[in-house]
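See below for the structure under consideration.
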Amino acid sequence: MSFEVPEDRKYLESHEWVEQSDDTAKIGISDFAQDELGDVVFVELPDEGDDVTQGDEFGVVESIKAVSDLYSPVSGSVTAVNDALENEPELVNDDPFGDGWMMEVELDDAGELDDLLSAEEYREQIE
């Protein structure tokens, strides 16, 4: 089975992705992760203004199969959360790299992105 792994993102081994745009980063979970979880029924996210730390838990995703913690690929302040997931958690399954994004973070240190997996490295991990 082949999974989408966009080249313009970095990845955590725990299957979260981050897409950098200047001083902010959009974060979600990978196509592989949503497939492993099955149908997502609930997503718990931080509040705007909360601080997150690279490698620390920032939320929870619940599916018909499992409950999984979400880990932040970067440190910073949460500037936006995807409120649509409250009523439509299935967006995580339908479009994990688009409408299923989870939060945006103002980066404390863009250098942290260097610690993450490239698309090629992540693809090797999941194949």
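Computed from a predicted model, the values in this text were never measured in an experiment. Along the sequence shown, residues carry numbers from 1.
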So do the side chains of Glu7 and Arg123 get within less than 4.5 Å of each other, counting heavy atoms only?
-> yes

Close side-chain approach of Gln54 and Leu116, heavy atoms under 4.5 Å | yes

How long is the gap from CZ on Phe3 to CD1 on Ile126, to the nearest 0.5 Å?
-> 6.5 Å

Decide side-chain contact (heavy atoms from CB on, under 4.5 Å) for Val92 and Leu37; before the verdict, give the C-alpha distance in whole Å, the side-chain angles of both, and the deciding distance to 0.1 Å.
-> CA-CA 10 Å; Val92 172; Leu37 283 167; 5.7 Å; no

Can you check side-chain contact (heavy atoms from CB on, under 4.5 Å) on Asp47 and Val81, steps first, answer last?
-> CA-CA 7 Å; Asp47 293 322; Val81 293; over 6 Å; no

Roughly how far, to the nearest 0.5 Å, is the OG atom of Ser77 from the CE atom of Met103?
-> 10.5 Å

So Glu19 and Asp8, side-chain contact (heavy atoms from CB on, under 4.5 Å) or not? Walk me through it.
-> CA-CA 7 Å; Glu19 178 184 33; Asp8 64 345; 3.3 Å; yes

Using a distance-only test with no angle check, is there a side-chain donor-acceptor pair under 3.5 angstrom linking Tyr122 and His15?
-> yes

pair Ser30-Phe97: side-chain heavy atoms closer than 4.5 Å = yes

Non-hydrogen side-chain atoms of Glu112 and Leu107 separated by less than 4.5 Å = no

Answer whether the closest heavy-atom distance between the side chains of Leu117 and Glu13 falls below 4.5 Å.
-> yes

May I ask you to test the Glu62-Val67 pair for a side-chain heavy-atom distance under 4.5 Å?
-> yes

Nearest 0.5 Å please: distance from the CG atom of Asp23 over to the CG atom of Asp109.
-> 11.0 Å

Val78 side chain near Phe58 side chain, heavy-atom distance below 4.5 Å | no

Are any of the side-chain nitrogens in Arg9 or Glu16 under 4.0 Å away from the carboxylate oxygens of its partner?
-> no

